[in-house]
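Chain naming here is simple, since letters A, B, ... match the order of the sequence lines and numbering starts at 1 in each. Values below: all heavy atoms of this structure, side chains included; hydrogens, waters and symmetry mates excluded.
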Protein chains: 2
Amino acid sequence: MIKGPNLKRLAELAGVTPGTVSRALSGTGRVSDQTRQRIIALAESLEYQPNLLARTMRTRQTHTVGMLVPLGHDTLQHLSDPFFNTMSGFVADELAERGYDLLISRVIPRDNRWIENYANSGRVDGVLIIGQSNQLAVIEATSLRYRPMVVWGGQVSGQNHCAIGSDNRAGGMMAARHLLERGCRNIAFLGPVDGPEFGARLDGVRYALALAGVSQGPQVFSTHYEPAAAFEDALRMLGGLAQMPDGIIGASDVTAISVIRALARLGKSVPGEVKVIGYDGLPLGELVSPALTTIDQQLRLGARLMVETLLRRMAGEATGSKLIEPRLVCREST
Amino acid sequence: MIKGPNLKRLAELAGVTPGTVSRALSGTGRVSDQTRQRIIALAESLEYQPNLLARTMRTRQTHTVGMLVPLGHDTLQHLSDPFFNTMSGFVADELAERGYDLLISRVIPRDNRWIENYANSGRVDGVLIIGQSNQLAVIEATSLRYRPMVVWGGQVSGQNHCAIGSDNRAGGMMAARHLLERGCRNIAFLGPVDGPEFGARLDGVRYALALAGVSQGPQVFSTHYEPAAAFEDALRMLGGLAQMPDGIIGASDVTAISVIRALARLGKSVPGEVKVIGYDGLPLGELVSPALTTIDQQLRLGARLMVETLLRRMAGEATGSKLIEPRLVCREST
DNA sequence: TTGAAAGCGCTACCAC
DNA sequence: GTGGTAGCGCTTTCAA
């Protein structure tokens, strides 16, 4: 590291005390215009760069938000996963606009205090939890004592922790209804069973089918989470079927895209023979061909809400959870 | 923030001095087994969490690496862009494995000292620069004074800064040769002209065509960087053509995927009527359909090399730049 | 083996 | 308006 001058040295050169320099540069407190000018000029000529760490240590404000990704032992969700990627990108964008940095940490929960330990390490002003994995109990318990925390996820009645997320059940219904409208009657639901919102989405699908009087509930196929593995799973499962579904709902966009690939490999046309809808609304879905119809969780909005809410909680405000309305984005795959 | 006990308080409770507690917990320095056991037990029972900031302040080691993304005024590259996304994900993975965190900061270069200012802020042990934008001069100048910095990008003879990147010219040649082998004779190159490695890749393409005796150099089309805009550009440009090329090289995977979409919209089959090859090797390319043939820059390897190299530079070692061999990944689009 | 004390660079408080 | 001074919580000499 190049060692620039520190505040103390600056004070010596200016012939004042550190306190005066601090006030002059920060603009807080009273300093005569003359000395202020002089100090500012000196600081610039010496290319003075304040040590943010020291400042943080005094002010206890890091201007940094931590993004924690708990890795359940079986959840092989890399930081490079498309969903997480997209989310962290949006969050980074939102934070950057507000002058905050993003500290990304992948953590393996070894005890029930991993969140607090992290928060107490003094490196962040607040935390965002993405991907609850199997840590819901810890999150809920932590929320009773640690305020500046916002979680990406759904809400359960009576829950204390602040969550921002989309209405997965409504989204599931929406997806099913869309396929029904498109004429599908033999509908399948495919994705990682242990995935975070799998259950609620499937519930919605089931409910919509029941409402529509489609006796045949969705066939459910469990795949891996990771894209390449999901593709293999889809290929094997769909390939082995006596009768191909005419509509497939992916539990996520990543899954749906894998399904489309598998169908292509099996010689089935999309949306001609099989219609496929995803869930998430990743920008990625727009790029693939056929472009993916999906239930859009509005992740950009979600990221903004998480950041806004977190900053308010950091300021001591009490905030409630928020449910984002999922939206159908109709593209080419249905 | 929940205020746990600090080291001083721990020392009081243990009936020793802070220094002793520090030595006992860090394992450095000599402490009798008995006191060590006692202190460790106490720390655990009180759920003592050291303040990493304070530690950092003394040791001057943050265990954090900064990833800087300079945003040139015209470069509309969000942190949520697929390439950047993928790269940051891989980097985060590699750092996490080595016990380092990743601090992502998007910076708008206002002067020629933005890198040093950031590095001197004391929050990171080293920096990774992704996407040089138009900041090559600053990067090179900084490298003369600031060592722990690694840049994603190519090498020029005489360059001082440490760069990890793939051989774009070789990659361009590889892409062109592949299309030639596939029988293409009317080849186009398409992408953002101001993109970082556009020039070198195009050079390689030109060279390979010349070598093969294809008199007709590639038609070059300039598109936007951002996916949606690139799609519109491709649609307009290709749609207006009297004769459609039989092979298209995208300057990036994102561009190539947009091209495939545009071709589908124009009723052209891929790879039947037009063959398309991308550049990058994003995992994304495997997901789309037809799966994208591409020149793989081996970003995961690149991320690992960047992290390894940076850590070595942080340790004071001198390291050279490294060129990654691009590889042809042949999938369905050619 | 342990204690005492200095200090990382900054801010904040209280005098003057 | 400015100076002096006391820390933030930790590590690391130097003595004892």
In 5'-to-3' order, the base (B), backbone-only (S) or no-contact (-) status of each nucleotide in nucleotides 11-16 of chain C, using a 4.0 angstrom heavy-atom cut-off, is BB----

Rounded distance (Å) that lies between atom [atom2] of [N] and atom [atom1] of [X]:
X	N	atom1	atom2	value
A/Gln34	D/dG1	CD	P	13 Å
B/Gln49	D/dG9	CD	P	14 Å
B/Leu53	D/dC10	CG	P	11 Å
A/Leu10	D/dG3	CG	P	13 Å
B/Gln61	D/dT11	CD	C1'	12 Å
A/Ile39	D/dT2	CD1	P	8 Å
A/Arg60	C/dC10	CZ	P	17 Å
A/Glu12	D/dG3	CD	P	13 Å

For C/dG9, does OP1 or OP2 lie under 4.0 Å from any side-chain N or O of A/Asn6? yes

Does a nitrogen or oxygen in the side chain of A/Thr35 sit under 4.0 Å from OP1 or OP2 of D/dT2? yes

Which is more 5' along DNA chain C, the nucleotide nearest B/Met57 or the one nearest B/Thr17? Just name the residue. B/Thr17

Is there a donor in the side chain of B/Asp101 and an acceptor in the side chain of B/Thr64, or the other way round, less than 3.5 Å apart? no

Of all residues at least two apart in sequence or in a different chain, which pass the side chain to side chain contact (heavy atoms under 4.5 Å, CB included) check with B/Met314? B/Val65, B/Tyr100, B/Asp125, B/Pro148, B/Leu310, B/Leu311

A/Arg113: side chain to side chain contact (heavy atoms under 4.5 Å, CB included) partners, not counting sequence neighbours: A/Asp111, A/Glu116, A/Asn117, A/Arg145, B/Glu47

Please enumerate all residues that pass salt bridge (charged side-chain N to carboxylate O under 4.0 Å, His left out) together with B/Glu44, with sequence neighbours excluded. none

Contacts of B/Glu308 meeting salt bridge (charged side-chain N to carboxylate O under 4.0 Å, His left out) (sequence neighbours excluded), chain-then-number -> B/Arg98

Donor-acceptor contact below 3.5 Å, side chain B/Gln297 vs main chain B/Leu299: no

If you look only at pairs with a residue in residues 148-164 of chain A, which of them pass as a salt bridge (charged side-chain N to carboxylate O under 4.0 Å, His left out), with sequence neighbours excluded? none

